[in-house]
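Structure first, then comments.
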2 protein chains.
Amino acid sequence: MRPTVHDIAAAAGVSLATVDRVLNQRPGVRHVTREKVETAIRELGYVRDVAAANLAKGRTYPLVFILPASDNSFMHGLNAEIRQAILRSPAERTDIRTIEVPAFDSAALVAVLEGLSREKPCGIAMVATDAPDVRAVVDRLVHAGFPIVTLVSDLTGSLRHHYAGVDNIAAGRTAARLLGRFLGPRKGKIAVLAGSMLVRDHRERLEGFTSVMTEEFPDLAILPVLEGRDDPELAHMLVAEALGNADIIGIYSLGAGNRGLIRALKEKAVDRTLTVIAHELTAHTRAALIDNTIDAILNQNAGHEVRSAIRVLKAKADGLAVIEAQERIRLDIFLKDNLP
Amino acid sequence: MRPTVHDIAAAAGVSLATVDRVLNQRPGVRHVTREKVETAIRELGYVRDVAAANLAKGRTYPLVFILPASDNSFMHGLNAEIRQAILRSPAERTDIRTIEVPAFDSAALVAVLEGLSREKPCGIAMVATDAPDVRAVVDRLVHAGFPIVTLVSDLTGSLRHHYAGVDNIAAGRTAARLLGRFLGPRKGKIAVLAGSMLVRDHRERLEGFTSVMTEEFPDLAILPVLEGRDDPELAHMLVAEALGNADIIGIYSLGAGNRGLIRALKEKAVDRTLTVIAHELTAHTRAALIDNTIDAILNQNAGHEVRSAIRVLKAKADGLAVIEAQERIRLDIFLKDNLP
DNA sequence: GTTTTTTTGATTTACGTACATCAGATTTGG
DNA sequence: CCAAATCTGATGTACGTAAATCAAAAAAAC
């Protein structure tokens with residue numbers, strides 16, 4: 001049987017009230033007494049029963065998710081997963097609220113974050129916009145004791161406690177190697193379709209992609225990036241136009257807006273053997289993978305990201321350890337054979 | 001605030017004791033009264049506070065893991081993950097015990113399972129040996145009310161509640177497509193190294209591999225399977241011998257014992273451009289992936305499998321729902337760029 | 001040495017549920 | 001209609017912790 005507060009009290013030769021004062025860092029305990037209790041805690045290997053404590057406290061975990069107001073399927077999926085988490089709230093004692101901020105608008109994000117410091121949530125998950133002012137508020141909030149995790153897009157160099165998202169440089173490198181290996185000895189040009197080079201994750205994917213391509217597949221030349229702004233229409237136009245170049249033998253789509261890409265491919269490239277790698281598994285990319293329009297899909301599992309963010313925030317709020325291996329968000333690689 | 005038993009009692013116009021009798025299916029409640037209470041439960045949307053209930057019951061979850069006594073790195077890894085889980089036991093209220101049975105010995109497995117029905121664990125996780133007698137005991141135990149999940153290797157056609165492992169047919173198909181695409185237009189022969197065709201997961205991987213190969217990559221011919229019994233020495237011998245065949249341009253290693261494979265490759269194939277796909281990420285395969293001896297690794301995350309099995313067993317024991325998407329064990333595909 | 005302050009102990013209530021006991025009410029059987 | 005059987009209510013204790021109160025003891029200040 002694991003030791004309880006009573007056992008600690010007995011072992012330390014103090015009363016229950018004193019143990020409670022020490023455990024919950026309440027004032028009114030002499031230094032020596034505090035030490036006695038802490039020794040007993042260590043020696044008996046006491047760990048507070050979080051379930052019982054939460055019951056007694058009537059604790060809930062008010063969490064805030066800050067998301068960009070982007071209208072693409074990935075963000076819709078992320079929202080859906082958060083709604084699922086909200087449905088589980090009663091069982092998980094969470095109280096989740098989402099706030100939408102204009103995408104790529106660091107000032108707006110900063111304003112929201114500063115507003116939050118007043119309402120005292122016990123944890124914040126945010127899709128970070130990578131800017132110095134954001135980094136500054138995040139660091140301030142972390143110092144003030146708020147658990148903060150970044151979601152999907154990280155804020156490197158900040159003090160955020162955790163990042164619930166994939167390694168985008170690795171994703172880009174993986175895409176490059178897959179494309180390079182799939183194309184084998186062929187020589188030709190590679191088109192890259194991105195959302196916007198202002199977004200950190202897209203920049204990182206491109207960075208990883210480019211470095212492996214230039215180092216290891218010198219026969220493949222990367223064309224200037226097409227910025228589709230995650231907009232299907234624009235993506236369609238850009239890709240359709242690019243396909244006029246007969247040297248293109250591969251495409252890497254590292255952002256959203258794949259609907260336009262797929263349409264362009266089906267219209268313009270029926271007779272060509274293009275190798276295409278895209279990001280994010282959606283109904284559209286899934287169908288395209290099955291009918292061979294796309295050759296591989298790299299994906300991050302939004303559900304895992306949301307659940308991981310919640311687990312980490314709760315653990316941080318309770319001062320508990322997280323299982324690192326469990327919280328690592330993996331890059332999924334889907335071929336048509338291992339679709340879920 | 002979520003409703004409590006008191007609210008139900010008030011709403012149904014009965015006493016707390018009666019609500020308790022209904023909730024815990026104790027006798028001594030008239031049919032009409034029971035219905036009143038059940039209606040109130042439904043209407044208020046009452047869900048039992050599992051944490052409080054567990055506290056009151058002093059509940060722990062005695063779980064049993066039944067593993068084959070196989071001496072390969074995957075099983076060692078699995079064991080290590082179970083030990084990690086045991087370390088978390090106090091916090092998770094679990095009480096985990098492992099039992100080793102001789103590998104591929106269905107009679108021994110049956111004997112162990114029958115022994116278990118007497119000691120009443122609240123859940124059983126087992127690496128299944130695929131045999132009719134095993135299926136029969138499992139079905140009996142499920143009928144008797146034991147939550148059972150299969151781990152790593154499934155028992156299809158049985159009544160087990162859940163399978164915590166990867167889809168091995170999909171894994172084989174994925175390996176085939178990766179190998180086929182990596183080899184591109186080349187023609188040649190493919191060697192397959194397996195552990196034993198007596199193991200279901202190996203059979204399934206081969207099945208998936210073969211079907212995609214024959215359907216979609218007719219220029220690649222699969223040689224008769226080399227059965228390495230997951231033994232590095234034997235694998236080394238078999239592969240070294242096979243590499244005498246200069247037509248071999250690809251290898252699929254679908255079992256354990258990759259140490260021998262890697263050694264053989266480094267000795268015999270330095271001057272050849274072989275494409276190699278192997279299963280299970282270990283220190284050895286990892287190093288081989290980095291130095292280009294292996295081109296891709298398919299992996300199942302033993303930690304996730306163990307944690308998933310535990311979550312599912314606990315949920316079943318409490319009669320709760322599981323988050324299906326969370327419990328799906330994904331097939332990891334590692335290139336040298338996305339190693340964890 | 002007394003007063004004031006600080007520290008500690010003892011005790012109680014609460015959280016939401018489980019479980020046991022016993023008395024009282026209601027239904028059923030004869 | 002009464003006895004027996006069945007059902008229901010009232011009540012209390014427990015689980016491990018939090019949090020509060022008030023009294024008592026110890027230490028510090030005067």
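To find a chain, count down the sequence lines: A is the first, B the second, and so on, and within it residues start at 1.
By the 4.0 Å N-to-carboxylate-O rule, B:D49 lies close enough to A:R93 to be salt-bridged with it. Between A:D318 and A:R48 no salt bridge is recorded (no basic side-chain N to carboxylate O distance below 4.0 Å).
Rounded to an integer number of Å, the gap from CG of A:L55 to P of D:dA14 is 17 Å. If you take CZ of A:R34 and C1' of C:dG9, they are 16 Å apart, rounded to a whole angstrom. We find that NE2 of A:H31 is positioned 16 Å from P of D:dA27, with the value rounded to whole Å.
Residue contacts shown for B:G28 include a base, since a base heavy atom lies under 4.0 Å away.
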| Worked check of side chain to side chain contact (heavy atoms under 4.5 Å, CB included) between A:Y163 and A:V312 | CA-CA 10 Å; A:Y163 165 52; A:V312 171; over 6 Å; no
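Here B:T18 does not reach the OP1 or OP2 of D:dT8: none of its side-chain N or O atoms lies under 4.0 Å away.
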Check residues 120-127 of chain A and write down every donor-acceptor pair under 3.5 Å in which the side-chain atom is one partner and the other belongs to a residue at least two apart or another chain.
none

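Among the candidates B:D130, B:D133, B:T129, the single residue satisfying the side-chain hydrogen bond (donor to acceptor under 3.5 Å, both in side chains) test with B:S106 is B:D133.
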Strictly under 3.5 Å: I want the nitrogen or oxygen pairs between protein and nucleotides 17-23 of chain D, one per line.
residue : atom : partner : partner atom : Å
D:dT17  : OP1  : A:Y46   : OH           : 2.8
D:dT17  : OP1  : A:D49   : N            : 3.2
D:dT17  : OP2  : A:V5    : N            : 2.9
D:dA18  : OP1  : A:N24   : OD1          : 3.4
D:dA18  : OP1  : A:R48   : NE           : 2.8
D:dA18  : OP1  : A:R48   : NH2          : 3.2
D:dA18  : OP2  : A:N24   : ND2          : 3.3
D:dA19  : OP2  : A:R26   : NH1          : 3.2

Atom pairs, protein N/O to nucleotides 23-28 of chain C N/O, distance under 3.5 Å:
none

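Partners of A:R88 under the salt bridge (Lys or Arg N to Asp or Glu O under 4.0 Å) rule, at least two apart in sequence or in another chain, are A:E92. For A:Q326, the side chain to side chain contact (heavy atoms under 4.5 Å, CB included) partners are A:R311, A:I323, B:R307, B:R311, not counting sequence neighbours.
Heavy-atom minimum distance, B:A309 versus B:V149: CB-CG2, 3.8 Å.
A heavy-atom distance below 4.0 Å to DNA chain D is reached by none of the residues of residues 310-321 of chain B.
Nearest-nucleotide assignment on DNA chain D puts the 5′-proximal partner with B:G13, out of B:G13 and B:G58.
Side-chain contact between A:L23 and A:Y46 is present, with heavy atoms from C-beta onward closer than 4.5 Å. A heavy-atom distance below 4.5 Å is found between the side chains of B:F65 and B:I310.
Residue A:E119 qualifies as enclosed at atom CD: its count of foreign heavy atoms under 6.0 Å is above 12.
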